[in-house]
Amino acid sequence: MPEAPDVEIFIKYFNEHALNQKIKSVDVKTTKVLDGISSSQLKKWLKNRKFVSATRYGKYLLAKTDDDKILVMHFGMSGDLEYFGDSQGNSKHTRVLFNFENDKHLAYISQRMLGHVGETDSLENLKKEKNLGPDVKELKYEEFRDDIQKQRGFVKSFLMNQKHIAGIGNIYSDEILFQTGIHPKKNCNELKENDIKTLYKKLQEVMKVAIENEAHPERMPDSYMLPHRGTDMQCPNGDGKMETIKISGRTAYFCPKIQK
DNA sequence: CTAGATGTTAAGGT
DNA sequence: CACCTTAACATCTA
């Protein structure tokens with residue numbers, strides 16, 4: 001659940017539940033998910049601290065603490081957050097558990113452990129460290145155009161590359177390209193200014209609609225391809241069937257009749 | 001039993 | 001140099 005819209009939902013959830021409560025302790029169930037910080041450092045740092053706000057950058061959740069540092073979470077392919085009281089059960093894939101003084105808990109869940117939990121002192125440092133480009137919601141048209149015009153690779157690879165745009169992954173790049181009518185293997189340098197304009201517009205739109213639908217691809221409007229992606233494979237805007245190809249090791253879904 | 005799944009990164013090839 | 005593909009990470013499910 002980890003592209004920008006999903007993380008946006010996590011932010012809301014985090015801000016609703018996890019702020020301004022003293023952290024009693026932190027349990028690290030698997031040190032594998034820790035990135036650049038040891039289990040003991042994390043525990044020591046967060047004990048008696050509070051989270052004061054959570055924001056998103058790209059696919060990262062940044063939780064600011066009351067000592068002006070930032071807890072960084074990335075969700076990989078199977079990450080989730082769950083806030084619960086003592087009475088409720090706890091996911092077996094909880095990797096880090098934050099225990100608050102009110103006896104509630106926030107679980108960082110990651111089945112496949114492809115995500116990470118770490119620490120940074122500023123967004124600028126995180127961007128530098130992870131090589132992140134502009135966030136998908138802050139991206140300016142001129143910036144987008146100038147960057148994409150310089151590239152020679154597949155347009156889908158460009159959209160998914162976090163150093164060009166931070167926040168877009170495999171499934172939303174499929175939707176954006178579907179709506180723009182561009183084939184995922186089209187080369188960036190073949191795009192006309194008009195294509196780039198439409199691409200930019202659809203990019204904003206798809207992100208917005210995804211967040212409105214709480215990042216559930218299957219709840220997107222029926223004119224979107226995502227509800228059909230990997231299910232009935234029926235293109236919603238024609239009589240064609242969708243097809244798949246491999247790009248950058250990922251499966252790209254597209255409609256060959258619409259996307260040229 | 002195998003392949004693939006919403007991600008990132010290193011390594012090797014063109 | 002720019003960009004491609006593959007493998008690896010650990011786990012579950014179709």
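Proteins get letters first, then strands, A, B, ... in listed order; numbering begins at 1 in each.
- Contact annotation: the side chain of A/D27 approaches that of A/N99 to within less than 4.5 Å [non-hydrogen atoms, C-beta and beyond].
- On the C1' atoms, B/dT6 is 22 Å away from C/dC4, given to the nearest whole Å.
- Comparing the same atom, C1', in B/dA3 and in C/dT6 gives a spacing of 15 Å after rounding to whole Å.
- A/M77 places its CE atom 6 Å from the P atom of B/dG7, with the value rounded to the nearest Å.
- For A/N170 and B/dG7, the CG to P distance is 6 Å, given to the nearest whole Å.
- By the 4.5 Å heavy-atom criterion applied to side chains, A/K130 and A/D35 are counted as neighbours.
- The interatomic distance linking A/M113 (CE) with C/dA10 (C1') rounds to 5 Å, in whole Å.
- Using a 4.0 Å cut-off between charged side-chain N and carboxylate O, A/E142 and A/R145 make no salt bridge.
- The side chain of A/K32 has C/dA10 as its nearest neighbour among C/dA10, C/dT11, B/dG7.
- Electrostatic pairing of A/R229 and A/E175 does not count as a salt bridge here, judged by no charged N lying under 4.0 Å from a carboxylate O.
- Remark: the separation of the P atoms in C/dT5 and B/dG4 is 16 Å, to the nearest Å.
- When base pairs are accepted only as Watson-Crick or G-U wobble with both N-N or N-O distances under 3.5 Å, DNA chain C takes part in stems of 3 or more pairs at B:2-5 with C:11-14, B:7-14 with C:2-9.
- In this structure, the CD1 atom of A/I247 is 18 Å from the C1' atom of B/dT8, given to the nearest Å.
- Picking from B/dT8, B/dT9, C/dT11 the nucleotide with the shortest atom distance to the side chain of A/R112 gives C/dT11.
- For A/F154, the listed nucleotide lying nearest its side chain is C/dT5; candidates were C/dT5, B/dT6, B/dT8.
- Spacing between atom CG of A/L114 and atom P of B/dT8 amounts to 10 Å, rounded to whole angstrom units.
- Looking at A/F254 and A/I245, their side chains come closer than 4.5 Å, going by heavy atoms from C-beta outward.
- Of the candidates C/dT5, B/dG7, B/dT9, the closest approach to any side-chain atom of A/K185 belongs to C/dT5.
- B/dT8 atom P lies 12 Å from atom CD1 of A/I168, rounded to whole Å.
- Using a 4.5 Å heavy-atom cutoff, the side chains of A/F98 and A/L71 are in contact.
- Mapping A/K246 and A/Q162 onto DNA chain B via the closest heavy atom, the residue that lands nearer the 5' end is A/K246.
- Atom C1' of nucleotide B/dT6 and atom CE of A/M160 are separated by 11 Å, given to the nearest angstrom.
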TODO: Starting from the C-alpha separation in whole Å, work towards a yes-or-no answer on side-chain hydrogen bond (donor to acceptor under 3.5 Å, both in side chains) for A/S173 and A/K156.
DONE: CA-CA 6 Å; A/S173 61; A/K156 182 174 169 77; 2.8 Å; yes

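- Atom pair A/E129:CD and B/dT9:P shows a separation of 10 Å (rounding to whole Å applied).
- Remark on DNA chain C: of its neighbouring residues A/S157 and A/H93, the 5'-side contact belongs to A/S157, judged by nearest-heavy-atom nucleotide.
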